[in-house]
Structures are given as C-alpha cells and as structure tokens.
Amino acid sequence: MFPRHNTNDIEFNTNNSKISVINFTLDRSGSMNVSPHQGEVSKADLAQIGLGHLKTCLSSDAFGGSNTYIGLNLFNESVSQSDYMPASQWEPPLIQPAGRTHLGEAIESSLDSLEKFLWEQNQQGRTSNRPVLAIMSDGLANGEEAALAASLERLRTVANPSRPMLTLIVAAGDSESLASLSGIGFPTAPVLVQSVADWKRLVKFISVSATSGR
C-alpha cells in the first residue's frame, strides 16, 4: 500500500531554518457519516482517529516537533481552512459531516494556502523539505466533473515529478470510494484507507515523507 521506510536509516529535519509542511484536505460531506463496514465506525470517525494519530506522530521529536507544520482543510459545499501550526501546538478539529462534496474548490483552496504559507516562510529565510498535500474523499458529487477539470490540471502541474511536492489521493472507507476517485484522472493513483491500521500506515508514510524529504 505505502512504501516501507526504515526510520533508522533516515535523516530527519533538525535544522531550525528548514521546516516540514503538510496540508491535509479532508472530505466532511454527509456521505462520510456512512460506515464502510456494517456495525463499525463511520468514515468520518475513522478520519477523526487518524488525525489524532497524525498529531501524536508529528509532535514527537523524531519527526521534527516544532519544525513540522500542519494545515487542515475540511470541505463539503464550502471549505473551512485552518492556519498552519507547529504539530506540537496543532489540535485536530471535530469532523461533523453534512452536505455535498465540492472537491474542485477544496483542491484550489488547499493549493492556494500551501503555496502562500511556503512563500511566507521563504520570506523569513526558512525553506521547506518536500511538502505533502494529502487529499481524502469518498467520491464526487454528481455533476461536479466539469468544475473539477481546472483544479485537476493545476494539481497535475504541482504533482509533476520535477516539482518538489508529494501529492497523495486517499479514498475513504470502501472500494466504491476508491473506484469513484480512480475514475477522476488524478495525477497519482488513489490509495484506500478503510481501517485504523490503514490510517496508522498512512500517517507513518506522510510523517516520514514530509520530514525526511523522501
């Protein structure tokens, strides 16, 4: 699912003039209230648990602590954007699913906020390891394909191997979500997260990728 890293062989960011940056863009539409498996927790509950793991993992000294910044965008018909904060100070908000999925607007907002934050840090003399943009959703709202086209083109540009950004597309909860996202034409193939164990692997991969630049 995700490449395995031997963290004993990786040099992590301990340079105060260099930061690690992660933007997590998370679907909070009404369909996230559905459980991927009957009788189990909902996709939104799994995401809530996963964000807690992200906070715990990235707050540790092993993954940069105060040098690692997290920005979170929650989206349905609108996008709620939080400021980028050091992982040690960041607290995951409560996910309250409702409404429809407007993925295109969320992608645009996330790219805008990520590029703005990196520019501001650069003006202060702080450069970044390879930033990570992780987009999690359980599929598109009907009729949104046309509105998504421009956002996908922009995403393909930043996800190009010659550009220093890692883009992850994450399908939330079930094979139907994976099939829906796989048919959109993202620049990278979506990966499926449907359990707490999957979330832990995703968080470890994001943490290592962001703080080591690999």
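A donor-acceptor pair is defined here as one N or O able to donate and one able to accept, closer than 3.5 Å; no such pair exists between the side chain of S177 and the backbone of G173. The main-chain N or O of P93 is found under 3.5 Å from a side-chain atom of Q48 such that the two form a donor-acceptor pair. No donor-acceptor distance shorter than 3.5 angstrom exists from the side chain of K18 to the backbone of N129, with no hydrogens or angles considered. Looking only at distances, a side-chain donor or acceptor of R156 sits under 3.5 Å from a matching main-chain atom of G185. The backbone N or O of G71 lies less than 3.5 Å from no partner atom in the side chain of S82, so there is not a single donor-acceptor pair.
Not counting sequence neighbours, N122 has no partner by the side chain to side chain donor-acceptor pair (under 3.5 Å) test.
Within 6.0 Å of NZ on K55 lie more than 12 heavy atoms contributed by other residues, nucleotides or ligands. For E176, the CD atom counts as loosely surrounded, since its 6.0 Å shell holds 12 or fewer non-hydrogen atoms of other residues, nucleotides or ligands.
Between E77 and R28 no salt bridge is recorded (no basic side-chain N to carboxylate O distance below 4.0 Å). Salt-bridge check for D112 with R154: passed, with a basic side-chain N closer than 4.0 Å to an acidic carboxylate O.
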Give the C-alpha distance, both sets of side-chain angles, the deciding distance and a yes or no for side-chain hydrogen bond (donor to acceptor under 3.5 Å, both in side chains) between S113 and Y84. CA-CA 9 Å; S113 72; Y84 287 86; 3.2 Å; yes
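With 3.5 Å as the limit, one finds no donor-acceptor pair spanning the side chains of S42 and N33. For the residue pair S29/N76, the side-chain donor-acceptor check at 3.5 Å is not satisfied. Checked by atom type, the side-chain pair S109/Q81 shows a donor-acceptor distance below 3.5 Å.
Relative ring orientation between F24 and W199 is described as parallel, the plane-to-plane angle staying below 30° on a 0-90° scale split at 30° and 60°.
Criterion: ILVMFWY side-chain heavy atoms under 4.5 Å apart, direct or through other members. Under it, L26 and V196 are part of a common hydrophobic cluster.
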